Every structure is written in C-alpha cells, then in structure tokens.
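Here the structure is laid out as structure tokens; the discussion comes afterwards.
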Protein chains: 2
Amino acid sequence: MGRSRGMAPFVGTTSRGGGMAQSDPLYQRIASDLRDQIRTGAIKAGDRLPTEVELREQYDVSRNTVRLALGVLQNEGMISSTQGKGTVVREQVMLTYHAAWAESRDRHASDQTDAFYAEMRDQGRKGEYRDFEMRIKPATPELAARLHVDEGDSLVSRAISRFVDGQPFSLQDSYYPMDISQECGLLTPHDVPGGVIRALAAKGHTEIGYVDELTTRMPRPDEARKLGLSQGTPVLVYVRTTYSDKRPLRLTLTIFAGDRNRVVYELGDLTAYAENGGAS
Amino acid sequence: MGRSRGMAPFVGTTSRGGGMAQSDPLYQRIASDLRDQIRTGAIKAGDRLPTEVELREQYDVSRNTVRLALGVLQNEGMISSTQGKGTVVREQVMLTYHAAWAESRDRHASDQTDAFYAEMRDQGRKGEYRDFEMRIKPATPELAARLHVDEGDSLVSRAISRFVDGQPFSLQDSYYPMDISQECGLLTPHDVPGGVIRALAAKGHTEIGYVDELTTRMPRPDEARKLGLSQGTPVLVYVRTTYSDKRPLRLTLTIFAGDRNRVVYELGDLTAYAENGGAS
DNA sequence: TAGTGGTCTAGACCACCAC
DNA sequence: TGGTGGTCTAGACCACTAT
C-alpha cells in the first residue's frame, strides 16, 4: 500500500492549542482530531461519525488503528458505537438529586421511594422503581464499621432500582441492623407502609444526623448492565449513614449512572439563591 | 497452530455466580477470569500479572486478544500497565475531603489553602499546593448562570493544584465577579494575606450559604496528565457556589482524582457518630 | 442483501526498563 | 541485552441493522 504516512489528514489540526505533538501515536492523533471536531461542533451531539472504513481511508491507516482511536473517545465517554448502526456523539441529560433534603420531605411515603418521586416530579420527569428485593446479608468490613456491628453479623438489605422516563437511573441498597429490623418490621419483602424512616421513628429510632460519602469509580460489569452504561461511563457512589442520638440506624448505598446524575447540597442561608430562581 | 479453542483454561471458572456465559467473546472471558483471580485474592493488589506473552500461551489466543482483555480491566481501573515493567493490580489509597466544614475552619489562612492543609494534617499527610495562576477569563454559560453575570463577562480565576505526599490530588479553580475582585484586591498573582474568604468578608461580602454540585465523568486529556491518572480512572467534579445575603460571591470548581478521593458531608446532630470515633 | 461494528489472527517493529 | 508493553498492519469471519 502506498501510504504517505502521517501527512495530509492532519494538516492544520495536529498542533492546536492544548495538545497533540507531532510524535504522538497515530491513533492518539486521530482521536485528538475527532475530539476537536466534536468539541468545536463540526460533529454535533447525536450526529453519526464516519464509518470505520471511511476513517480508515480518510486517515490511511488500518482498521485496527481506527478502532484504537475510537476506543479512546469511547473511554472518555464522548462517543458510543452500536453494532450494525454506527458510531454517534453522545448527548448528556443531567438529573439532579438534592441530597440535603431529598429524604426529609414529608410526602406520601412508601419505602425509600417518596423522596425520589418528589424530586422527579419537580423536574418534570416520571420516576419509577423496579426490582425491589429484601435480603439478609452478612456485614462486610465496611458495612460493619459504619453500622457499629461485627463483621459477618446479619444485616437486612432492602434494594431497589430507580428508573426515570423508562431509563435506569440509580441502584439503591439500604442496610439495617438486625435488631432494629425486627423491632420495626423491616423483614418483609414489600414496601413498608408510610416508609421505613417513619417506621424507625415510631419505635424511637429518629434520624437526627447524616454522614454522606461520595466517591467515583468505573462500574463493575453487573452495574454497567443494570444501569445500561456504555463504555467510558463512571458511576457516582453515594453512601449515607444515618444516626439517632445513640447509634447508627441505616446505611444507604446508591450507585448513580455518572452520565445522567448530579448530586446537590444546599447549605446555610440561601436567600439570595432562592430569590433568583435557584431552588428548582 | 493447533489450537484447542476455548477450552482448558476456563474450566470451572466461566460459569461462576454472577456472570460470564459460555458464548461471551474470548477476550471478555479472559478478562472475567483475571477479574475473578483479583477479586478472590489469587492475585493481590500490587502483584504483577502474567506477561502478555504468558497469557497468550496460557489461553492459547493471539496477543491482540490478550490486550483486548487487559484493556477491559484497565478501563475498570483494576490494573495498570507500564511499558517495559509489566502489568500490576492497582491499589487504592483514599483521602477524605470534608466539604461541610473544610472552608470554614479559622486557621492561619492563606488563599484557599488553609482548609486543605488542616485536612491533610488531620489525616497525617503532607499537603502542598503548586502552580498558582491568576487569570482573567470570559464567563462560560455555566459560570454566568451560577454567578449571575452575563455570558462573556470577565471573571477573575485563581487556580491551584493540590498535592499530597508528592502525588497530585486535585485541581482547583475559583471564579470571582470582576467588581468584587477589584474591591477586595483579588487581582494579584499571589496569595491574598489572610485568605480570600476573609478579604471578601472584610468588604461586607460574607459567605452565608453554599450550593455544592457533585458529578463524575472521564477526565479530559490535560486533566489526566496533570493528575497523573491511569486509564480507567474517572474524576469527581465538585462545584461550590457561595452566596452572601444578596448575591453569588464565588464559584470554586475542583477536579478530584477519582481513585484517591472521597468527599464527605456531615449533617445534623452527630453526637452518636463522634462518640464512636467517627469524626477524624 | 449490503453495510455496519465486533471479534480474532499472525505477524512486525519500536520504546522503555531491568539486568 | 533480553524482556516488557506500545503501536501498527492486513487480512478474516461473524452478528446485527437497515433497506
């Protein structure tokens, strides 16, 4: 093949402001070139990219090299490929989860779903939950430390998947110490009427403090499947531990699809914020 | 080549609890096999994996297929490869950022660095900051909306990189409206004695409310470089907008390396938490 | 059926690291 | 110097989608 290696297609684009040196690998330069086309709007969100064969001819490289370049952008979450259809630029729709007050709103509560419903309704979306499961699980070291029980002790796990407009949104799993679960009737594979938080409060276990921990990581294969995540989408891991005046009551682990979720805290006096249409 | 395709190496490992079906792609099955070995501790954090050539022989596939499998695990953040050295299982060291009170601690303040120092000292680490930069930047739509200025208006940007024990930790960029910056002396390419927050308060711009937004995404190439992120490491994006009783004062954008950071909020009455050694 | 991306092979040469 | 991962080629066949 008469390749005129590393020339024409890159003219004027390789030595742009932020990045690519002349000596970078071919696939990185192709990735960079496509990234720029997306960033500048030459290829817009939702648009199809050239096919792999077209890119192969356009840049005069092997298909494998084209796929390496597309892989880079896929891992950055910029594009998404589907067999038989093509490769498109991904578009983002962000939903907001108000951590500070999401659970304390006093609505028609039904398990942990009330807050979620209210949030979604406020944002004009249709929230549902699916796949409720109640299980008994042994405490991992992390769970044991946070709930002040011994490692391996039985915990009650109540898990649900949240969907918005038919799309998976987050996976939530709440853990309760066994003694509290028995006292408050959490050992049912159904919704707790009025919600778990009220059931706890009714027996004197009132939640008065929260510790929230937020981290991020790449999803495990089953999480990617359940959340329908495409390559290059991280998850936001949100762990809330709640306390009464005496002890930890509950640990709720939420795995948010990173490309569709934003967690918000509103703290202090936000008069100026609310006045200007901030609080949705 | 006499390949006995898809047999021996997988016996007893392919149809484990959560996952791999017999019909999955070869490279996925190899990835799954290695993932299990890591998960079960057969290969521990810090250990070296077999070389690509060894894996190629072990599974009787082409080297390219081995690399596809390793790519999967790399994108999950489980392993890290270095040219000439090999491939190792990554280990995690998590540091904690206490969002609720990080900025309100009244120590020997020096720009935005006081809170960071205090946090790191509490965790027994050595915090430093590098690469301070003061710039004037036009407001993007996102910045304009949050700071209640017009798009394109000039904003003062004061940026630093945070390092812990010599390792990059997070990138921080604070934006201030131009009128406040002039009034409070923020247009200097140096630290503001006593800290910016005090300088604002001294002129009557006291911060009394915060809105924090947390999202995650894959890093852009320059962020990955500055933070020294390896493949498959997302970033945690933390945006804090602060308010006086009248208006937004400041927007601070922090990009945390996702594999080394945890953001924590402590809310409400946490007597029970503190009593049991919770508050570090 | 034609075209797309998905998987896989069997080589090659290069850059970096430890010895 | 030998071994490692990094890059790249030039094919092949398959699975899925659109028409």
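Given the structure is predicted, the values throughout are model-derived calculations rather than measurements.
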Whole angstrom is fine here: how far is it from [atom1] in [X] over to [atom2] in [N]?
{"X": "A/Q83", "N": "D/dC13", "atom1": "CD", "atom2": "P", "value": "17 Å"}
{"X": "B/L68", "N": "D/dG6", "atom1": "CG", "atom2": "C1'", "value": "14 Å"}
{"X": "A/K85", "N": "D/dA18", "atom1": "NZ", "atom2": "C1'", "value": "10 Å"}
{"X": "A/L55", "N": "C/dG6", "atom1": "CG", "atom2": "P", "value": "13 Å"}
{"X": "B/Y27", "N": "C/dT9", "atom1": "OH", "atom2": "P", "value": "13 Å"}
{"X": "B/I30", "N": "C/dT7", "atom1": "CD1", "atom2": "C1'", "value": "12 Å"}
{"X": "A/Q28", "N": "D/dC8", "atom1": "CD", "atom2": "C1'", "value": "14 Å"}
{"X": "A/R56", "N": "C/dG3", "atom1": "CZ", "atom2": "C1'", "value": "15 Å"}

Go through the side-chain N and O atoms of [X] and [Y] and say whether any donor and acceptor fall under 3.5 Å apart.
{"X": "B/Q231", "Y": "B/S80", "value": "no"}
{"X": "B/E151", "Y": "B/T140", "value": "no"}
{"X": "A/D212", "Y": "A/Y238", "value": "yes"}
{"X": "A/R90", "Y": "A/T233", "value": "yes"}
{"X": "A/N64", "Y": "A/Y27", "value": "no"}

Counting side-chain heavy atoms from C-beta on, which of [options] comes nearest to [X]?
{"X": "A/P25", "options": "D/dC8, C/dC8, C/dT4", "value": "D/dC8"}
{"X": "A/S62", "options": "D/dT9, C/dC8, D/dG6", "value": "D/dT9"}
{"X": "A/L26", "options": "C/dT4, D/dG6, D/dT9", "value": "D/dT9"}
{"X": "B/N64", "options": "C/dT9, C/dA15, D/dA18", "value": "C/dT9"}
{"X": "A/R63", "options": "D/dT17, D/dG5, C/dG6", "value": "C/dG6"}
{"X": "B/S81", "options": "D/dG5, C/dT4, D/dT9", "value": "D/dG5"}

Phosphate OP1/OP2 of [N]: any [X] side-chain N/O under 4.0 Å:
{"X": "B/R67", "N": "D/dG6", "result": "yes"}
{"X": "A/T87", "N": "C/dG5", "result": "yes"}
{"X": "A/T82", "N": "D/dC16", "result": "no"}

- Query: Taking atom NZ of B/K85 as the centre, does the number of heavy atoms from other residues, nucleotides or ligands within less than 6.0 Å exceed 12?
  - Reply: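 No - once you tally the heavy atoms of other residues, nucleotides and ligands closer than 6.0 Å, there are 12 at most.
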- Query: Where does DNA chain C pair, written as one dot-bracket string 5' to 3', with Watson-Crick or G-U pairs under 3.5 Å, ( ) inside the strand, [ ] for crossing pairs and | for another strand?
  - Reply: ||||||||||||||||||.
- Message: To the nearest 0.5 Å, what is the distance between OG1 on A/T65 and OH on A/Y59?
- Response: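 Separation between the atoms: 13.0 Å.
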